[in-house]
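These notes concern the structure reproduced below.
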Number of protein chains: 2
Amino acid sequence: MANKVQPIERCDCDVIHEDIVKQVKKKMPQEETLYDLAELFKVFGDSTRIKILWALDEAEMCVCDIAFLLNMTQSAVSHQLRVLKQADLVKNRRAGKIVFYSLDDEHVKQIFNQGLTHILELREDQ
Amino acid sequence: MANKVQPIERCDCDVIHEDIVKQVKKKMPQEETLYDLAELFKVFGDSTRIKILWALDEAEMCVCDIAFLLNMTQSAVSHQLRVLKQADLVKNRRAGKIVFYSLDDEHVKQIFNQGLTHILELREDQ
DNA sequence: TGAACACATGAACAATTATTCATTTATTTA
DNA sequence: TAAATAAATGAATAATTGTTCATGTGTTCA
């Protein structure tokens, strides 16, 4: 994600639409917010993590259970749980040797549902 | 994303929680749906695309305008618009030399807002 | 018709990332 | 205390991805 800032040569087209561009620029949220938003969706953008989140929405589970449920290694699941935790989407509690994970956000299901709506509409259209 | 299917050795822990795992498995959406969901969020998981989507939610714009607004090359923007189009998130219309892009989904803003809610809550907590 | 413009596209490259494997840490229990 | 279990972690690797650069395509207009 090389983000070299570089002056852009405006084409004639821009001169015509200058007003619109200015207005849009004003209305856009600040850079950092948009970046954070992308980072959040990036976390949702992996099917393993989507599965984990969906599972945890159904029930609190330990790492080992999740691994069995998804037919993955304990290590792979653990790595992904770390990503989810850093994004404040899941939390955990220790009970002896076992660590139980659960959702730490009420919007997860709502975000899922919005996404699902989009997908299902597309399927209907075909 | 190597997805080699591989038998997982269950640990003792699983035997105990077997019922929960079975129940969760039943309730989960089918594999393909979860995969599609991840693919959709993957599209949202890039700040350039987030910016483009946000901009297009404010106004229909041509490629060149977007490039200027985001201070990016026309090529980079064009590549990303292609990704957004393939995900059925934007559509375009041609007006002579100029191609205008606009949103092709009513849920985009709602998905954004759910994500924003999460982010803003985290900021408050710190 | 041909030059100019707006956009699309393909290849290449650098950066990121998901999983695996080996190892370590924390806890229980024999 | 030593062995066993559940989970976390670091390094390595393969795969994916965003941007750049060069070039191709479609449209306008002189």
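None of these values were measured; they are calculated from a predicted model. Throughout, protein chains are lettered first and strands after them, A, B, ... in sequence-line order, and every chain is numbered starting at 1.
- Aromatic ring pairs are classed by plane angle as parallel below 30°, tilted from 30° to 60° and perpendicular above 60°; the pair A:H17 and B:F100 is perpendicular.
- Rounded to whole Å, atom C1' of D:dG18 lies 13 Å from atom NZ of B:K51.
- To the nearest angstrom, P of C:dT17 lies 16 Å from CD of B:E39.
- Here the C1' atom of nucleotide C:dA18 and the NZ atom of A:K42 are 14 Å apart, to the nearest Å.
- Each of B:L89, B:L70, B:L103 was evaluated against B:I52; a single residue qualifies, B:L70, per the side chain to side chain contact (heavy atoms under 4.5 Å, CB included) test.
- Put simply, CE on A:M61 and SG on B:C13 are 10.5 Å apart, with the number rounded to the nearest 0.5 Å.
- A:E106 CD: 12 or fewer foreign heavy atoms inside a 6.0 Å radius.
- In this structure, A:I66 places its CD1 atom 16 Å from P of C:dA18, rounding to the nearest Å.
- Note: CG (B:N71) to C1' (D:dT19) measures 14 Å, nearest angstrom.
- B:M72 has its CE atom 6 Å from the P atom of D:dT20, to the nearest Å.
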Find every protein N or O atom lying less than 3.5 Å from an N or O atom of nucleotides 3-9 of chain C, and list the pairs.
residue, atom, partner, partner atom, Å
C:dA6, OP1, A:D12, N, 3.4
C:dA6, OP1, A:C13, N, 3.0
C:dC7, OP1, B:V63, N, 3.2
C:dC7, OP1, B:V99, N, 3.3
C:dC7, OP1, B:V99, O, 3.3
C:dC7, OP2, B:C64, N, 2.9
C:dA8, OP1, B:Y101, OH, 2.5
C:dA8, OP2, B:S78, OG, 2.6
C:dA8, N7, B:Q74, NE2, 3.0
C:dT9, O4, B:S75, OG, 2.7

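- Regarding A:Q86, its CD atom lies at a distance of 14 Å from the C1' atom of C:dA18, rounded to whole Å.
- We find that CZ of B:R49 is positioned 12 Å from C1' of D:dT16, with the value rounded to whole Å.
- Relative orientation of the B:F44 and B:F112 rings is perpendicular, given thresholds of 30° and 60° on the angle between their planes.
- Using a 4.0 Å cut-off between charged side-chain N and carboxylate O, A:R123 and B:D36 make a salt bridge.
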